[in-house]
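Residue numbers start from 1 in every chain, and the chains themselves are labelled A, B, ... in the order their sequence lines are given, proteins ahead of strands.
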Amino acid sequence: MPQPHAFLWNSIIKGCLNNNDPQEALFMYYKMVVAQAWPNEFTFPTLFKACAVVGAVEKGEQLHAHVMKLGLVGDGHVRSSAIRMYAKCGRVKEARQVLDESREADVVCWNAMIDGYLKCGDVEAATALFEAKEEKNVGSWNAMISGYARCGKIELAEKLFREMPQRDEISWSAIIDGYIKQGCFKEALIVFHEMQNSGARLRKSVLSSVLAACANVGALDEGKWIHAYISRNSIQLDAILGTSLLDMYAKCGRLDMAWEVFENMKQKRVFSWNAMIGGLAMHGRAKDAIELFLKMQRDENLKPDGITFVGVLSACAHAGLVEQGLQYFNSMKQKYGVEPAVEHYGCIVNLLGRAGLFAEAQELIKSMPMTPNAAVWGALLGACRTHGNVELGGKLGKLLLELEPQNSGRYALLSHIYANAGRWDDVANVRTLMKDRNIKTASGRSVINLNGVTHEFVMGDGSHPHMKQINVMLEEVIEKLRLVGYVPNTTQVLFDIDEEEKETRLCRHSEKIAIAFGLLNTSPGTTIQIVKNLRVCEDCHDATKLISRMYDREIIVRDRVRYHHFRNGSCSCKDFCYVHRKVWQHYLKTNCIWGSNLKEREGSEGSRAGKLKEAGGEQLVLGVTIEPGQTFSTDSGVTITISEVEAASTPLEIQEGSDSTSLEPFFEKDNGDLNVTQ
DNA sequence: ATCTCCAATT
């Protein structure tokens with residue numbers, strides 16, 4: 001058009017923003033000025049919004065100057081959007097100046113300012129403003145509720161939510177999402193039910209929030225209900241809602257459904273691919289994750305971002321693909337122009353650590369351009385536990401207990417390392433430190449959903465109404481397992497108590513109780529699904545493998561980091577988390593002894609690694625010898641060399657087993673339901 | 001005919 005009017009410019013600017021291209025929107029304004037069209041009060045709100053999205057304060061300031069020159073400072077829309085722009089860029093002072101610029105300011109401007117204070121963490125200023133202003137609308141309350149929740153003041157948010165004169169959809173959304181952001185998923189779901197009863201319409205935004213809550217607690221039934229609600233009401237699956245949905249399915253163990261949603265999504269954005277890649281990674285399907293990562297570039301011409309690489313690298317870490325992981329890590333910057341951030345380094349440290357490559361991991365940490373955070377050191381500490389590296393573990397533990405004195409998980413990990421090495425004095429020291437600092441250990445909790453009801457079991461807590469029955473069942477299960485040679489693996493018990501007592505404690509682990517409960521209350525052959533807050537201990541992992549075969553059940557356990565699919569005696573994680581064990585299993589398998597069936601009677605002190613050392617060169621029962629220098633390769637590709645064998649001391653007694661555990665990779669032959677390459 | 005505050009995903 002020869003002379004487009006302001007209206008048309010405004011429309012095209014808005015169009016750019018709606019298509020997720022704020023930079024282009026701002027560039028359009030430049031063209032508009034060059035074309036000598038006069039911007040009006042409709043032009044600036046959109047532009048300020050664009051600046052707020054990309055954090056372009058300087059451009060925002062220039063626009064602000066134009067607003068003043070054009071005499072548009074008095075317009076409410078212009079001012080509120082300018083306030084938001086400044087506040088979102090962290091410039092509260094300037095935001096406040098805009099508010100005070102003229103005597104009269106409408107409610108929307110005040111709300112923007114309240115929200116601005118809260119976004120910058122200034123709870124006092126926001127509260128003062130909220131209380132000083134007599135004229136309030138729903139938006140004022142909503143801004144306070146979401147802001148309080150964001151700043152961790154969830155009780156205050158709840159109080160306002162209960163007291164406010166009237167609520168709209170945003171009020172419900174704000175409180176529900178507030179709970180979720182604070183990790184209170186149960187409360188979020190309760191309020192969501194209340195919202196449904198109130199007759200409020202369920203919009204996309206609240207549905208995505210609730211799906212996130214479902215994903216976190218593993219509430220598959222609730223998530224399915226929302227999926228059905230979406231279909232029933234013909235709600236369009238946009239990129240955000242679709243991503244929330246597929247993420248929920250992936251995190252609730254239903255990769256098949258996640259994939260179906262993903263494939264049928266009309267609009268996919270980078271974060272949708274990220275969610276699917278991350279889901280595959282979590283389930284240990286590294287090959288599929290990598291295939292999808294290539295597909296997004298090949299078919300959609302999408303550029304992977306930092307989060308995509310978190311997915312790809314963690315997929316490699318879960319599957320032990322050391323070389324590929326390193327290769328993708330190196331290509332990030334070179335090929336994709338994505339600067340590795342601290343979390344990417346964390347992934348690689350995890351990857352190297354699990355493979356036992358301590359020198360390489362430490363070398364990498366040294367080369368980091370940023371200060372390594374607790375997560376990076378934590379990844380290395382985890383590796384020390386897996387490989388029984390007490391020396392480094394002790395040093396790192398000390399560092400981490402200073403860096404994150406409130407993180408109970410670190411104390412637990414360090415105790416494990418010491419306990420495995422039989423250093424009970426050090427275990428006691430860690431315990432004392434926890435006591436002094438008033439740190440509570442997180443108890444193991446497992447959740448199982450039956451017919452829409454959530455049952456939670458906490459370690460050592462017998463408060464479930466059917467506890468007696470469950471205990472009987474659990475004893476029966478353990479007895480059956482013992483008949484095929486199961487022996488409790490007490491190496492991860494953190495107390496220096498006698499073996500029998502250790503075994504009793506293992507039987508109180510929440511996942512065992514939840515599985516027994518599941519066996520009692522579901523029909524034969526159905527899948528049992530459990531969500532656990534911590535990692536699964538080695539003994540529970542072994543026991544569950546056996547249960548899956550003995551009872552012919554598929555058992556899916558989600559732990560704090562990943563999924564375990566147990567079927568017919570093996571697990572989809574290929575025992576990667578338990579390298580020690582793996583060495584033994586592999587070793588024993590090659591020598592015709594069943595791995596889960598070993599029992600050490602002599603030299604009960606020390607870890608399996610320690611025993612491996614002790615046993616070096618000695619004749620074992622059944623006539624097998626471990627030679628120093630001998631290497632073992634695990635199924636997950638880790639090579640372990642018995643080069644550190646120090647002394648030949650106590651011989652180990654190993655009972656012969658009646659059967660053999662299948663060590664076949666779980667998914668490689670069972671890959672039909674998810675054909676990424678097609 | 002257009003524009004503002006408060007709510008969503010990896």
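- Distance CD1 (I170(A)) to P (dT4(B)): 13 Å, rounded to an integer number of Å.
- Between dT10(B) and K268(A), no contact under 4.0 Å exists linking OP1 or OP2 to a side-chain N or O.
- Distances shorter than 4.0 Å separate none of the side-chain N or O atoms of S11(A) from OP1 or OP2 on dT2(B).
- Side-chain contact, Q97(A) with H64(A): no donor N or O sits under 3.5 Å from an acceptor N or O.
- Of the side-chain N and O atoms in K119(A), one or more sit less than 4.0 angstrom from OP1 or OP2 of dC6(B).
- One side chain, Q297(A) or Y336(A), offers a donor N or O that lies under 3.5 Å from an acceptor on the other.
- Listed nucleotides dT10(B), dA7(B), dT4(B) differ in distance to N274(A); the shortest reach to its side chain belongs to dT10(B).
- Considering only side-chain atoms of K251(A), the nucleotide from dA7(B), dT10(B), dC5(B) that sits closest is dT10(B).
- Taking 4.0 angstrom as the limit, K49(A) places none of its side-chain polar atoms (N or O) nearer than this to OP1 or OP2 of dC3(B).
- Looking at heavy-atom distances under 4.0 Å, N10(A) makes contact with a base.
- The salt bridge (Lys or Arg N to Asp or Glu O under 4.0 Å) search around K14(A) returns none, not counting sequence neighbours.
- For dA8(B), the base has no donor-acceptor partner in the side chain of S209(A) [N/O atoms by modelled type, under 3.5 angstrom].
- The CG-P distance, from D238(A) to dA8(B), rounds to 14 Å in whole Å.
- In this structure, K14(A) reaches the dT4(B) phosphate: one of its side-chain N or O atoms is under 4.0 Å from OP1 or OP2.
- Residue A212(A) has its side chain nearest to dT10(B) when only dT10(B), dA7(B), dC6(B) are considered.
- For N137(A) and S140(A), the side-chain atoms include at least one donor-acceptor pair closer than 3.5 Å.
- R79(A) has no side-chain polar atom (N or O) that falls below the 4.0 Å cut-off from OP1 or OP2 of dC3(B).
- Residue side chain F42(A) meets the stacking definition with respect to dT2(B): its ring centre sits within less than 5.5 angstrom of the base's six-membered ring centre, and the planes differ by less than 30 degrees.
- Residue-to-nucleotide contacts include no donor-acceptor pair under 3.5 Å from the side chain of S244(A) to the base of dT9(B).
- The salt bridge (Lys or Arg N to Asp or Glu O under 4.0 Å) search around K31(A) returns none, not counting sequence neighbours.
- Considering only the side chain of F271(A), dT9(B) comes nearest among dT9(B), dA7(B), dC6(B).
- A donor-acceptor contact under 3.5 Å is formed by the side chain of S208(A) with the base of dA8(B).
- Within the 4.0 Å cut-off from OP1 or OP2 of dT9(B), at least one side-chain nitrogen or oxygen of K181(A) is found.
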